[in-house]
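Everything on this sheet refers to the single structure shown next.
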Amino acid sequence: MKLKETINHAIQDAFRKAGIDATPISVTEATKPEFGDYQFNGAMALAKSLKKNPREIAQTVVEHLDLGGIIAKAEIAGPGFVNLWLNPNQVAASCDNALKDPRIGVAQKADPIKVVVDYSGPNMAKQMHVGHLRSTIIGDTLSNLLDFLGDEVIRQNHIGDWGTQFGMLIAYLEEVGEDGNTSLKDLEQFYKDAKARFDADASFADKAREYVVKIQSGDAHCLTLWKKFIDISLGHCEEVYEKLGVNLTREDVRAESFYNDTLAKVITDLDKAGMLQESDGAQCVFLEGDEIPVIVQKSDGGYLYATTDLAALYYRANVLGAKRISYVVDARQSGHFKQVFRVAKEAGFVPEDVKLEHVAFGTMMDKSGKPFKTRDGGTVKLIDLLDEAVVRAKEAITAKDDYTPEALENLARIVGIGAVKYADLAINRESNYIFDWDKMLSFEGNTSLYMQYAYARIQSIFRKYGKEVSGTIVLTDELEHRLAVTLLRFEDILDKAAEDAAPNQITSYLYDLVTLFMRFYERNPILKEGVDEQTRTSRLLLADLTAKTIKQGLAILGIEVVDKL
RNA sequence: GCACUCGUAGCUCAGCUGGAUAGAGCACCCGCCUUCUAAGCGGGCGGUCUCAGGUUCGAAUCCUGACGGGUGUACCA
């Protein structure tokens, strides 16, 4: 439910009844349990403009507050804090309602929009490495989240298939005379070999450059080779997506090459808009206040990254009809996107009401604070990281219990991949972060396994109980109350996370929720002797809603749960 | 040089629409498995929130400056 909004309405009502002519600032979650469930801190802020003592204002608000609704108790503390305790009956009833709802009380947006989420965007010339992890899973999470909230999400995988390096690769592919099935198995090696050849042999380099022109002008033979190359490369990416459990398919691919035929139009349209200017032989757009221009056409006539992005923006806003376009790309490109977004708006490629955002994320660093590389200077292949995660998970699981080989395989996959994804998503996306193999594959503390474990424990209780639960929730102590209120906060968390495109807000929430549940579970017995029927039913229902919330939250993060661990 | 970004516990990180005594995980120390899964729970240790000013009733949070790390800076993507 929209809990915060409900409480804010109650405060607004009190303002109206008290005749205070001001819009109250939003309530916030209480910073400590002693301060209740929520707190209203607006009295201090209003003191100056109303020329009143903040405690007086707080007093007036409290006197006019309806204590029969969502709020049960309000207390003034300190300089004018208003601490609010929620009505346990209402909280319990809202939890009961959430349990009856397949969406566990999270509303579908009343005014859904079309959103394009551009993510992953691997380079077809190279195997995906750990640096591609962030864009792929942050983008996937954002897509899942918006989709769950009711928006129409259009996933776009803007793969790099059109750069100068492709001439080199095609030339090499032809030279080694492969059908593509053997030599391309190790793309990394293939790229290195081609590059070595390119650097060592001038005539090969010339040939490579010829191929670039040929591909881009539509030479049939070259295009065939190129397509084969892309097909195989994409296959490798799909293998990674499959392992990662990422919802990207061929249907979502709109490669750079897709925009090739519209690039010339970008230039003429910019010219028509009077924004084009020649500089050193290149076609540029000079933005007011910017030192460097956006170059859209090279002096040799070739197009650039910015040109393709402008074409893509046009397509997404006008053909796909998106009202929000989110680019999940490394923070290093923020300058580029700032410029491209401005050009697109000023040239009218994108209507004014379309929200363009760069969902930037920090760089992955090594332990000494340098951009991440392996010992030998290369990169860690994403597929290797994922395989290792599954191996380690398998070891951990085997030590714990006996499983059939199939069950073990499946469990190890869910646990291992989940750990990798969670470790990455739990970090504030804007800051750089240190890649730590062991931390990423850890199963202790704030990890996905903690949530999966809690989920499995709850399922175990229900297996043991073996009956349908019917009844209602009655909150009997402080811990249950806090757990229930936390459960009701789910929708607020998702809304905020969607607005900020911040998956770590979801992981933080889940961790808080599960920590509360674990404490509840330790302290409040459910099936044990001496628990009366009413209490047992209520606790079962609370556990059930907790499990459903964990499952839904993890599903948005692209992480699965299991019934038994 | 200019621009952007970050600087919080030994390590890795939350918190940043200003609110009460700054929070986790890891590591370290102590306690809890005859009773719903100990991959767990409870307790302890650990901080001048880089520094200096400013705004404010109130600053880790906002502003200015310094220092330190990272990144970007016209025909790569």
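Order of the sequence lines sets the chain letters (A, B, ...), proteins ahead of strands, with each chain counted from 1.
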- [ ] Measure from the side chain of A:Asn83, starting at C-beta and using heavy atoms only, and say which of B:rC75, B:rA20, B:rG40 lies closest.
- [x] B:rA20

- [ ] Indicate whether OP1 or OP2 belonging to B:rG72 is found under 4.0 Å from a side-chain N or O atom of A:Lys338.
- [x] no

- [ ] Please check if atom CD in A:Glu478 has more than 12 non-hydrogen atoms from other residues, nucleotides or ligands closer than 6.0 Å.
- [x] yes

TODO: Check the geometry between A:Tyr521 and B:rG40 and answer yes if their rings are stacked (centres below 5.5 Å, planes below 30°), otherwise no.
DONE: no

Task: N-O pairing of A:Asp309 and A:Arg316 below 4.0 Å - done: no

Task: A:Lys467 to A:Tyr465, cation-pi by 6.0 Å centre distance and 45° axis angle - done: yes

Open item on the list: Using a heavy-atom cut-off of 4.0 Å across all strands, would you classify A:Ala77 as base, sugar-phosphate, or nothing?
Closed with: base

Open item on the list: Let's see if you can work this out: which of B:rC2, B:rC36, B:rG70 has an atom nearest to the side-chain heavy atoms of A:Leu527?
Closed with: B:rC36

TODO: Kindly say whether A:Leu425 contributes a backbone atom to a donor-acceptor pair with the side chain of A:Asn504 at under 3.5 angstrom?
DONE: no

Task: Check: A:Lys394 and A:Tyr403 side chains under 4.5 Å, non-hydrogen atoms - done: no

Task: B:rG65 to B:rC4 separation - P atoms, rounded to the nearest Å - done: 10 Å

- [ ] May I ask you to evaluate whether A:Tyr450 reaches the phosphate of B:rC41, defined as a side-chain N or O under 4.0 Å from OP1 or OP2?
- [x] yes

Open item on the list: Any base atoms under 4.0 Å from A:Asp330, or only sugar-phosphate, or nothing? Heavy atoms, all strands.
Closed with: nothing

Task: Pairing residues for A:Glu256 by the salt bridge (charged side-chain N to carboxylate O under 4.0 Å, His left out) criterion, not counting sequence neighbours - done: none

TODO: May I ask you to verify if any side-chain N or O of A:Lys464 is less than 4.0 angstrom from the OP1 or OP2 atom of B:rU37?
DONE: no

Open item on the list: Could you check whether the side chain of A:Ser508 and the base of B:rA24 have a donor-acceptor pair of N or O atoms closer than 3.5 Å, going by distance alone?
Closed with: no

Open item on the list: Parallel, tilted or perpendicular: which one describes the rings of A:Phe190 and A:Phe229, with boundaries at 30° and 60°?
Closed with: tilted

- [ ] Under 4.0 Å between any heavy atoms, over every strand shown, what does A:Ser460 touch: base, sugar-phosphate, or nothing? Just pick one.
- [x] base

Open item on the list: Any base atoms under 4.0 Å from A:Phe166, or only sugar-phosphate, or nothing? Heavy atoms, all strands.
Closed with: nothing

Task: Separation of atom CD in A:Glu444 from atom P in B:rA24, rounded to whole Å - done: 17 Å

- [ ] Taking only the side-chain heavy atoms of A:Ile295 (C-beta and beyond), determine which of B:rC41, B:rU37, B:rA74 contains the nearest atom.
- [x] B:rA74

- [ ] To the nearest Å, give me how far apart CG (A:Asn446) and P (B:rA14) are.
- [x] 11 Å

- [ ] Give the minimum heavy-atom separation between A:Phe443 and A:Ala419, together with the two atoms involved.
- [x] CE2-CB, 3.8 Å

- [ ] May I ask you to say what A:Met518 touches in the nucleic acid, namely base, sugar-phosphate or nothing, with a heavy-atom cut-off under 4.0 Å?
- [x] sugar-phosphate

Task: Given B:rA20, B:rA24, B:rA77, the nucleotide with the shortest approach to the side chain of A:Tyr511 - done: B:rA24

Open item on the list: Over 60° means perpendicular and under 30° means parallel, so tell me whether A:Tyr450 and A:Tyr511 are parallel, tilted or perpendicular.
Closed with: tilted

Open item on the list: Just the rounded figure in Å: distance from C1' of B:rC13 to CZ of A:Arg429.
Closed with: 17 Å

Open item on the list: With the six-membered base ring of B:rA20 as reference, does the ring of A:Phe35 sit under 5.5 Å away with planes under 30° apart?
Closed with: yes

Task: Side chain of A:Tyr305 (C-beta onward), nearest among B:rA77, B:rG25, B:rG23 - done: B:rA77

Task: Nearest-neighbour nucleotide for the A:Asn432 side chain, B:rG70, B:rU37, B:rU71 considered - done: B:rG70

TODO: From the options B:rU37, B:rA74, B:rG72, select the nucleotide whose nearest atom is closest to the side chain of A:Arg332.
DONE: B:rG72

TODO: Check whether any side-chain nitrogen or oxygen of A:Arg457 sits under 4.0 Å from OP1 or OP2 of B:rC36, and answer yes or no.
DONE: no

TODO: Determine the Euclidean distance between corresponding P atoms of B:rU21 and B:rA3; express it in Å to zero decimal places.
DONE: 38 Å

- [ ] For A:Met168 and B:rA77, give me the distance from atom CE to atom P, rounded to whole Å.
- [x] 14 Å

- [ ] Quickly work out the A:Met365 CE to B:rU5 P distance and round it to whole Å.
- [x] 16 Å

Open item on the list: Using a 4.0 Å heavy-atom cut-off, does A:Gln165 contact any base of the nucleic acid, only the sugar-phosphate backbone, or nothing at all?
Closed with: nothing

- [ ] Under 4.0 Å between any heavy atoms, over every strand shown, what does A:Ser299 touch: base, sugar-phosphate, or nothing? Just pick one.
- [x] base

Open item on the list: What is the separation between atom CD1 on A:Ile25 and atom C1' on B:rG18, rounded to the nearest whole Å?
Closed with: 9 Å

TODO: Indicate, with a heavy-atom threshold strictly under 4.0 Å, whether A:Leu449 touches base, sugar-phosphate, or nothing.
DONE: base

Task: Nearest-Å distance once atom P is located in both B:rG25 and B:rG72 - done: 36 Å

- [ ] Starting from the C-alpha separation in whole Å, work towards a yes-or-no answer on ring-ring contact (aromatic ring centres under 6.0 Å, His included) for A:Tyr327 and A:Phe337.
- [x] CA-CA 9 Å; A:Tyr327 285 81; A:Phe337 281 111; 4.8 Å; yes

TODO: Using a strict cut-off of less than 4.0 Å between a Lys/Arg side-chain nitrogen and an Asp/Glu carboxylate oxygen, indicate whether A:Arg413 and A:Glu409 qualify as a salt bridge.
DONE: no

TODO: Measure from CG on A:Asn504 to P on B:rU12 and round the result to the nearest Å.
DONE: 18 Å

Open item on the list: Can you see if the side chain of A:Asn428 gets near the phosphate of B:rG15 - specifically, an N or O under 4.0 Å from OP1 or OP2?
Closed with: yes

Task: Pairing annotation in dot-bracket form, given for RNA chain B with Watson-Crick or G-U pairs under 3.5 Å and | for cross-strand partners - done: (((((((..((((.....[...)))).(((((.......))))).....(((((..]....))))))))))))....

Open item on the list: Regarding A:Ser279, tell me which of base, sugar-phosphate or nothing describes its non-hydrogen contacts under 4.0 Å with the strands shown.
Closed with: base

- [ ] Name the closest nucleotide to the A:Glu256 side chain, picking from B:rA77, B:rU35, B:rA20.
- [x] B:rA77

Open item on the list: If I pick the P atom on B:rC62 and the same atom on B:rG18, what distance separates them, to the nearest angstrom?
Closed with: 9 Å

- [ ] Nearest whole angstrom, please: distance from the P of B:rA24 to the OH of A:Tyr509.
- [x] 19 Å

Task: Base orientation of B:rC33, syn vs anti, 90° cut from 0 - done: syn

- [ ] Quick one: label A:Asp309 by what it contacts on the DNA or RNA (base, sugar-phosphate, nothing), any heavy atom closer than 4.0 Å.
- [x] nothing

- [ ] Determine the contact category for A:Ile526: base if any of its heavy atoms lies under 4.0 Å from a base atom, sugar-phosphate if only primed atoms, P, OP1 or OP2 are that close, otherwise nothing.
- [x] base

Open item on the list: Please pick, from B:rG23, B:rA74, B:rC75, the nucleotide with the shortest atom-to-atom distance to any side-chain atom of A:Asp280.
Closed with: B:rC75

- [ ] Looking at every strand, decide which applies to A:Gln39 at a 4.0 Å heavy-atom threshold: base, sugar-phosphate, or nothing.
- [x] base

